[in-house]
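Below: the structure, in C-alpha cells.
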Amino acid sequence: VWIWLLDWQLGLTLKLSDLISNCGAHWAELFYTQHRMAHLPKVYEHAHKLHHYLHGTLAFDAHIYGNGMPEEFFFLLVELSCGTLFGLIPATLNRLIIQYSIDNKFGHTQKPEDTCGDNFHADHHLLHVK
C-alpha cells in the first residue's frame, strides 16, 4: 500500500520509465526482446502458446499482462483485494499501463487492407500457430 502512495506522490514510475527510455531501452525494444523470449521452445510451450491458440487475432487478445494467462489472474486478485480491503485504486490503472494496453489492442486488430505494415503483429499470429 505504501509503495503505491509513494509512487503516486513522487511520480517514480514515470521518472523511472523516462530514465530507462532515455538510456536506450525504450518500451518497444524491451517488449520485442521479451516477446522473442516468449517464443523460445520451452518458454513458448509452457507460457506463451495459449496466446497463439487461435489462428487470428482481435483486440480482445491483447492485455498488458496476458489475456487469460495465470499472471493476469494474479494481478486481478491483488488489485481486487487491495481495492476491497483498503479502498485503493488498482496499481495498473495509471496513464502508462493504460496507454500500453491501448497500443497493444491496436496491434492485435487485423486491418482489412494493409498499406503500411499495420498488420505486422496480427500477421505474426497467423504465422506462429505451433
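- Every residue two or more places apart in sequence or in another chain was checked for a side chain to side chain contact (heavy atoms under 4.5 Å, CB included) with Lys15, and none qualifies.
- Using modelled atom types, one side-chain atom of Lys111 and one backbone atom of Thr109 make a donor-acceptor pair closer than 3.5 Å.
- Residues satisfying the side chain to side chain contact (heavy atoms under 4.5 Å, CB included) criterion with Leu80, sequence neighbours excluded, are Leu76.
- Every residue meeting the side chain to side chain contact (heavy atoms under 4.5 Å, CB included) condition with Leu12, not counting sequence neighbours, appears here in chain and number order: Leu6, Asp7, Leu10.
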